[in-house]
Asks: 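Mind looking over this structure? Questions follow.
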Number of protein chains: 2
Amino acid sequence: MTLVMATDTPAERPQPKRSRKERREDSIEQILDAAEYLFSKHGIYGVTLKDVAQRVGVHTSLMHYYFADKQALFVEVFERRATVTRARRIEALDAYERACDGRPTVEGALHAFLDTDLDLYISGGEGWRNWGALGGQLSNTDYGAELMDKHFDPVVMRLIDLLKRAMPDMAEEDIFWGYHFVTGSLLLTLARTGRIDKLSNGLCHSDDFEAVKARMARFMAAGFREFAATSGAKGVEG
Amino acid sequence: MTLVMATDTPAERPQPKRSRKERREDSIEQILDAAEYLFSKHGIYGVTLKDVAQRVGVHTSLMHYYFADKQALFVEVFERRATVTRARRIEALDAYERACDGRPTVEGALHAFLDTDLDLYISGGEGWRNWGALGGQLSNTDYGAELMDKHFDPVVMRLIDLLKRAMPDMAEEDIFWGYHFVTGSLLLTLARTGRIDKLSNGLCHSDDFEAVKARMARFMAAGFREFAATSGAKGVEG
DNA sequence: ATTATCTATAGATCTATAGATAATGC
DNA sequence: ATTATCTATAGATCTATAGATAATGC
C-alpha cells in the first residue's frame, strides 16, 4: 500500500514503473499516514513537520510542497477519513430507518450508529485505528471540537431524531445527556489508552473493539430505558 | 485568593504587608492557576512558558525560578488537585462501604465514586473546572494516561471491588467494560466542550455538572443491570 | 543578608521559502 | 518541459541559564 511496504517485498516488483501521478499520490498518502500516527500519539502541537518527514524518510521541505502549512496537513489528516465514516453512518441510519418500519428502537438506532463506526476500527487496518485515537483526543480539545462539530453534526442529529421517535415521551434533556454519555464512552474507546488492560490485569484489551461492539449499544440502551422509567417525562403520554 | 483578585478590591487591603513566604506562595499559586487554565485549553505542547508568564503578568524567567522546567510545572499542575480528589473519593467509597452494611449496590457505589468528584466541579470554583478539563484531555493522550494511572488506580480498584461485590455473578470482563463506559462519559463531561449546547440548541449546557450528577449514576447502573440480565455470567449462581 | 523578580542572551528548534538538482513525460 | 525532491537558509520562537536589580528581613 505504501512505498515502504513495497520495498519490503522487492521480488514482486522489479521495476514498478509508477507514473508521476501514482508516485505523487503515494507520497501524499505516506505523509498523511505518518502524520496521522504521530498526531494521534502527541497531538498537533506535540509533532513537528520534521518528525513527520523523518517517519516517511523524506526531507521536511517536502511537507510544504504538498501541504500549505502544518494546520492544513492536520485538517487533511482529519478529513480524509471523517468524510468516509460520516457517509457510512448516515447510510446505516437511513437503512435502519427504512428497515424498522416506522418504529425505531433505542437499541436499534444505537447499533446502527455505533457498530458501523466500530467495524471500521475492527477491519479497517491500523490507519483507521490511528485516526480513531486522534478523534478521541480531538473531541476533548478546543481546536478539535470545531472540526468534530463541522463533520459529525448531521450524523448526530440523525441519531437524535431516531432516539426521539423511539422514546416520544422522554424529556429532550435526557435524550441529549444520554447521547453525551454514549459519545464519551465511544471516544475513550477510540483513544485506546491501554488503561483497561492494566486495571483488569490483562483480562480486557483497549483495542478489543469487538468486545465494545458486543456490549455498548445494549449497555447504553438500558441507560435510556432507565431515564424513561424514572425521569420527568415531557408530560405527554404515549 | 490570588494577587490579581486582591488587586480588584483595593479598599480592603491598603497595605497588605505580606511576608515573603506569603508572596512566594501567592506567586506559585498564580503560576499554577494560569498554567492550569492554558494547559486545559491547548495541552502541554500548545502552551509556552511565555504564555503562562504573560497571563500572570511576570517575566518568563520566573517560571524557572519556581519550577525546574516545563514538564515539572505540568506535573505540579496535575498533582496539586489530583491528590485532593483522590483522597476525597477514597474516603467517600470507604464511607459508603461502612454505611451499606456489607451489601453494596451498583448505584450506591457509582454515586460515591461520581458524585464526590462532580461536587468539586460544581462548587470548587473555576480552578477545579479547569483542572477537570485538563484531566479530560490527558486521559485520551499517551503522556497523560501514565499520570492518570499513577494517581487514580487505587480509587478505581476500590470502585471495582465494590462493583464486584454488588454483582458477584457478573463476568469480570463486563464489570471492567462497564467501568470503561463510565469513565469515558465522565471524562467527556469534564472536558466541557460545549458540544451538547450546540446539539441541543441551548437546552443543555456542558458545564451543567448538576445535570450530569442527577443522571449519570442511574444511567450507568442500568447498563450494568443489563449485563447482569443477558450476558454470560461467571457460572456461579448467587 | 536573603529572596524575588527582571534583563540579556545562548543555543536549540521550528516553520517556511527560494532556488538547485534529479527524475519523468512528451 | 514539467514535476518531485533536496539543499541552504531566513526569521521567529522557545527553553533555559547567568547575572543584575529591587524588595524584604534580621
Side-chain angles (χ1 to χ4, degrees), chain A residues 2-4 6-7 13-39 41-77 143, chain B residues 2-4 6-7 13-39 41-77 143:
Chain A
T2 66
L3 280 172
V4 172
T7 316
R13 293 187 178 231
Q15 280 300 87
K17 212 56 177 167
R18 262 177 304 216
S19 72
R20 270 179 180 168
K21 195 181 170 191
E22 284 171 324
R23 285 178 63 91
R24 181 188 178 85
E25 280 164 7
D26 265 7
S27 286
I28 290 179
E29 199 183 339
Q30 274 192 86
I31 293 169
L32 288 173
D33 288 346
E36 184 172 66
Y37 172 80
L38 292 169
F39 285 146
K41 286 263 179 228
H42 311 111
I44 182 169
Y45 301 117
V47 177
T48 68
L49 292 174
K50 196 180 180 185
D51 294 335
V52 179
Q54 277 181 334
R55 191 173 163 84
V56 177
V58 297
H59 197 271
T60 310
S61 56
L62 200 62
M63 307 296 99
H64 294 99
Y65 179 67
Y66 286 118
F67 301 94
D69 55 20
K70 190 181 179 181
Q71 178 74 19
L73 171 60
F74 185 82
V75 170
E76 183 56 31
V77 164
Y143 63 90
Chain B
T2 66
L3 282 171
V4 171
T7 317
R13 292 185 177 235
Q15 280 299 89
K17 212 53 175 168
R18 264 177 301 218
S19 73
R20 270 181 181 166
K21 195 181 170 191
E22 284 171 324
R23 286 179 62 90
R24 180 189 178 85
E25 280 165 6
D26 265 8
S27 286
I28 290 178
E29 200 183 338
Q30 273 192 86
I31 293 169
L32 289 174
D33 288 346
E36 184 172 66
Y37 171 80
L38 291 169
F39 285 147
K41 286 261 178 231
H42 310 113
I44 182 170
Y45 301 117
V47 177
T48 68
L49 293 173
K50 196 180 180 185
D51 294 335
V52 179
Q54 277 182 333
R55 192 174 162 85
V56 177
V58 297
H59 197 270
T60 310
S61 55
L62 200 63
M63 307 295 101
H64 293 101
Y65 180 67
Y66 286 118
F67 300 94
D69 55 20
K70 190 181 179 182
Q71 179 74 19
L73 171 59
F74 185 82
V75 171
E76 183 56 32
V77 163
Y143 63 90

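First the proteins, then the strands, lettered A, B, ... as listed; each starts at 1. Since the model is a prediction, treat every value here as computed from it, not as a measurement.
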Asks: Nearest whole Å is fine: how far is D:dC26 P from B:K21 NZ?
Replies: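 Distance, rounded to whole Å: 13 Å.
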Asks: Could you give the side-chain donor-acceptor pairs of residues 65-72 of chain A under 3.5 Å, partners two or more places apart or in another chain?
Replies:
| from | atom 1 | to | atom 2 | distance (Å) |
| --- | --- | --- | --- | --- |
| A:D69 | OD1 | A:Q71 | N | 3.4 |
| A:D69 | OD1 | A:A72 | N | 2.9 |
| A:K70 | NZ | A:I44 | O | 3.1 |
| A:K70 | NZ | A:V47 | O | 2.7 |

Asks: Of the nucleotides D:dT5, C:dT5, C:dG25, which has the atom closest to the A:Y66 side chain?
Replies: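 That would be D:dT5.
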Asks: Looking at B:E25 and B:E22, would you say the former's side chain and the latter's main chain have a donor-acceptor pair under 3.5 Å?
Replies: no
Asks: I'd like to check the side chain to side chain contact (heavy atoms under 4.5 Å, CB included) partners of B:T60; sequence neighbours left out, ordered by chain and number.
Replies: B:L49, B:K50, B:A53
Asks: Can you tell me the distance, in whole Å, between the CD1 atom of B:I31 and the P atom of C:dA4?
Replies: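 Atom-to-atom, B:I31 to C:dA4, this comes out as 11 Å.
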Asks: Which residues pass the side-chain hydrogen bond (donor to acceptor under 3.5 Å, both in side chains) test with A:H64, sequence neighbours left out?
Replies: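 Residues passing side-chain hydrogen bond (donor to acceptor under 3.5 Å, both in side chains) with A:H64: none at all.
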Asks: For B:S27 and C:dT5, is the shortest distance between a side-chain N/O and OP1 or OP2 below 4.0 Å?
Replies: yes
Asks: Side chain of A:R20, base of D:dT2: donor and acceptor closer than 3.5 Å?
Replies: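 It does, because a donor-acceptor pair links the side chain of A:R20 to the base of D:dT2 below 3.5 Å.
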Asks: Do any side-chain nitrogens or oxygens of B:R23 fall under 4.0 Å of OP1 or OP2 in C:dA4?
Replies: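 No, no such contact exists.
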Asks: For A:A35, give me all partners under side chain to side chain contact (heavy atoms under 4.5 Å, CB included), at least two apart in sequence or on another chain.
Replies: A:F39, A:V52, A:L73, A:V77
Asks: So, A:Q54 side chain and A:D51 main chain: donor-acceptor pair closer than 3.5 Å or not?
Replies: no
Asks: Take atom OH of A:Y65 and atom C1' of C:dA23, then tell me their distance rounded to the nearest Å.
Replies: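 Taking atom C1' of C:dA23 as the reference, OH of A:Y65 is at 12 Å.
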Asks: In whole angstrom, give the distance that lies between atom CG of B:L62 and atom P of D:dA22.
Replies: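 Rounded to the whole Å, the gap is 17 Å.
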Asks: Dot-bracket for DNA chain D, please. Rules: Watson-Crick or G-U, both distances under 3.5 Å, ( ) within the strand, [ ] when a pair crosses earlier ones, | for another strand, . otherwise.
Replies: ||||||||||||||||||||||||..
Asks: Is the count of non-hydrogen atoms from other residues, nucleotides or ligands lying under 6.0 Å from A:Y37 atom OH greater than 12?
Replies: no
Asks: Using a 4.5 Å cut-off on heavy atoms from C-beta on, say whether the side chain of A:V58 contacts that of A:M63.
Replies: yes
Asks: Is there a side-chain contact between A:E76 and A:I28, using heavy atoms and a 4.5 Å cut-off?
Replies: no
Asks: In the 5'-to-3' direction, what one-character label does each nucleotide of nucleotides 11-16 of chain C receive under the scheme B = base within less than 4.0 Å of a protein heavy atom, S = sugar-phosphate only, - = no such atom?
Replies: ---SSB
